[in-house]
Asker: 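Okay, handing you the structure first.
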Protein chains: 2
Amino acid sequence: MSAKVETEAERARRLFAEYLRGKGHHVTKKRLFMAEEIFRLKPRHFDAEAILELLRREGRWREEFDRFPLSRATVYRTLDLMVRAGLLSKSTMDEGPARYEVKLGRQHHHHMICEGCGEIVEFVDWGHEHLVRQAAACRGWQFVDSELIIHGLCPRCKGQRRG
Amino acid sequence: MSAKVETEAERARRLFAEYLRGKGHHVTKKRLFMAEEIFRLKPRHFDAEAILELLRREGRWREEFDRFPLSRATVYRTLDLMVRAGLLSKSTMDEGPARYEVKLGRQHHHHMICEGCGEIVEFVDWGHEHLVRQAAACRGWQFVDSELIIHGLCPRCKGQRRG
DNA sequence: GTTAATGCAAATCCTTTGCAGTAAT
DNA sequence: ATTACTGCAAAGGATTTGCATTAAC
């Protein structure tokens, strides 16, 4: 008997189901489908519209999808639930639509955004993490989460602006 | 002859006028009025709507204002110019309308937001500032700006959630 | 059977834009 | 005189919502 190892997508699906049950919500096919497929495809920094398109294009369960398409409203509602379940994180970097990203199983990281080309780079910085927790604690706050965004010029754009 | 010291509001007005001239923009009464009044009243974390209301209620130059009211469109356009001039900073913390705050003459600071009551607290942390610059530099980026948001529970809400 | 989720389209919120009129250069 | 700003109302993008239908409990 080979004990099959749970894939990340399966884990996301399972945890989401547990979350939903725990909250007294219905565990529907479309919700599980979204959790599983997002964690299988693992897109980075996507908005609601992009997810909808991605699932339409690359999602399994295609035939049934054609007959019972996901509506925009359900995508928004389910993304919101996944954020509350801790599977995704949501942020409104600047303008434009809200961005989501896979959170479960990833270490906490931050973002650098290039003012020139808009490129987004992720980075991990534990020294920073420590400082932030300290900053909250010494002011009597309970730390929950932090987001750091560095605006700058990426190596390429840095060169161009000088030349 | 007493050399009168320039107030902050006057300075903001002057710098804005210089910025506008430098860019070949018109130096209009309404633009100068906005810069001067915002820096006189110094509200914290305001959105476009709030500024409009504040200027209507507390702004000097009231009578003329009644005859030539500021339009929403002009408020948006002028706030944008003030950001580019470096007088204000703009951020889209989470949901809702974009928030502005007075930047000129204030040291760079960050924000803690309470998940419980929504309170926003500002704090300065130079250690953090240094780390951030380093993080950008050692990846080949040119640092421009950074924003840090800590989500947490303020002392009051921290107590309530336990009790 | 009861309760909640879904799709649709309409509504909402915040912001930008086209254009005719007005003010700054 | 020329150019740019302003107000208005309409358009725009992103998200939410009311309600009838359908699925989960």
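In this text the structure is predicted, and so the values were computed from the model without any measurement. Convention: sequence-line order gives letters A, B, ...; per-chain numbering from 1.
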Asker: Between A:R40 and A:E8, does any NZ, NE, NH1 or NH2 come within less than 4.0 Å of an OD or OE carboxylate oxygen?
Answerer: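 Looking at A:R40 together with A:E8, the answer is no, because their closest N to O distance does not fall below 4.0 Å.
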Asker: At less than 4.0 Å, is any side-chain N or O atom of A:T28 found next to OP1 or OP2 of C:dT6? Yes or no.
Answerer: yes
Asker: Let's see if you get this right: which residues in residues 78-92 of chain A place a heavy atom under 4.0 Å from DNA chain C?
Answerer: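 Residues of residues 78-92 of chain A under 4.0 Å from DNA chain C: none.
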Asker: From CG of B:L20 over to P of D:dA4, roughly how many Å is that when rounded to an integer?
Answerer: 14 Å
Asker: Check this for me: does any side-chain nitrogen of one of B:K30 and B:E37 sit under 4.0 Å from a carboxylate oxygen of the other?
Answerer: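 Salt bridge: no.
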Asker: Name the residue closer to the 5' end of DNA chain C, choosing between B:H25 and B:R77 according to the nucleotide with the nearest heavy atom.
Answerer: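 Final value for this comparison: B:R77.
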Asker: Figure out the CD/P separation between B:E49 and C:dC14, and round it to whole Å.
Answerer: 8 Å
Asker: Can we say B:E10 and B:R14 salt-bridge, meaning some charged N sits less than 4.0 Å from an Asp/Glu carboxylate O?
Answerer: no
Asker: For the side chain to side chain contact (heavy atoms under 4.5 Å, CB included) test, which of B:M112, B:H128, B:H109 pairs with B:F123?
Answerer: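 With B:F123 as partner, B:M112, B:H128, B:H109 yield a single side chain to side chain contact (heavy atoms under 4.5 Å, CB included), made by B:M112.
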Asker: Are B:K90 and A:E95 within salt-bridge range, i.e. N to O under 4.0 Å?
Answerer: yes
Asker: When the nearest nucleotide of DNA chain C is assigned to B:R72 and to B:V27 on a heavy-atom basis, which residue is associated with the more 5' position?
Answerer: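 First, find each residue's nearest nucleotide; the 5'-ward one identifies B:R72.
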Asker: Does A:T74 make a side-chain N or O approach to OP1 or OP2 of C:dG7 shorter than 4.0 Å?
Answerer: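 For C:dG7, OP1/OP2 do have a side-chain N/O of A:T74 under 4.0 Å.
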Asker: Please confirm whether the shortest side-chain N or O distance from A:K30 to OP1 or OP2 of C:dG7 is below 4.0 Å.
Answerer: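 For C:dG7, OP1 or OP2 has a side-chain N or O of A:K30 closer than 4.0 Å.
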Asker: Between B:E101 and B:R44, is the closest basic N to carboxylate O distance under 4.0 Å?
Answerer: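 B:E101 and B:R44: not salt-bridged.
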Asker: Of all residues at least two apart in sequence or in a different chain, which pass the salt bridge (charged side-chain N to carboxylate O under 4.0 Å, His left out) check with B:R13?
Answerer: B:E36
Asker: What nucleotide among C:dT15, C:dG18, D:dT15 has an atom nearest to a side-chain atom of B:P97?
Answerer: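 Nearest to the side-chain atoms of B:P97, counting from C-beta on, is C:dT15.
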Asker: Taking 4.0 Å as the cut-off, does a side-chain nitrogen or oxygen of B:Y76 come that near to OP1 or OP2 on C:dT16?
Answerer: no
Asker: Hey, which sits more toward the 5' end of DNA chain D by its nearest nucleotide, B:G24 or A:H26?
Answerer: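 Residue closer to the 5' terminus by nearest nucleotide: B:G24.
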Asker: DNA chain D: B:R31 or B:A73, which has the more 5' nearest nucleotide?
Answerer: B:R31
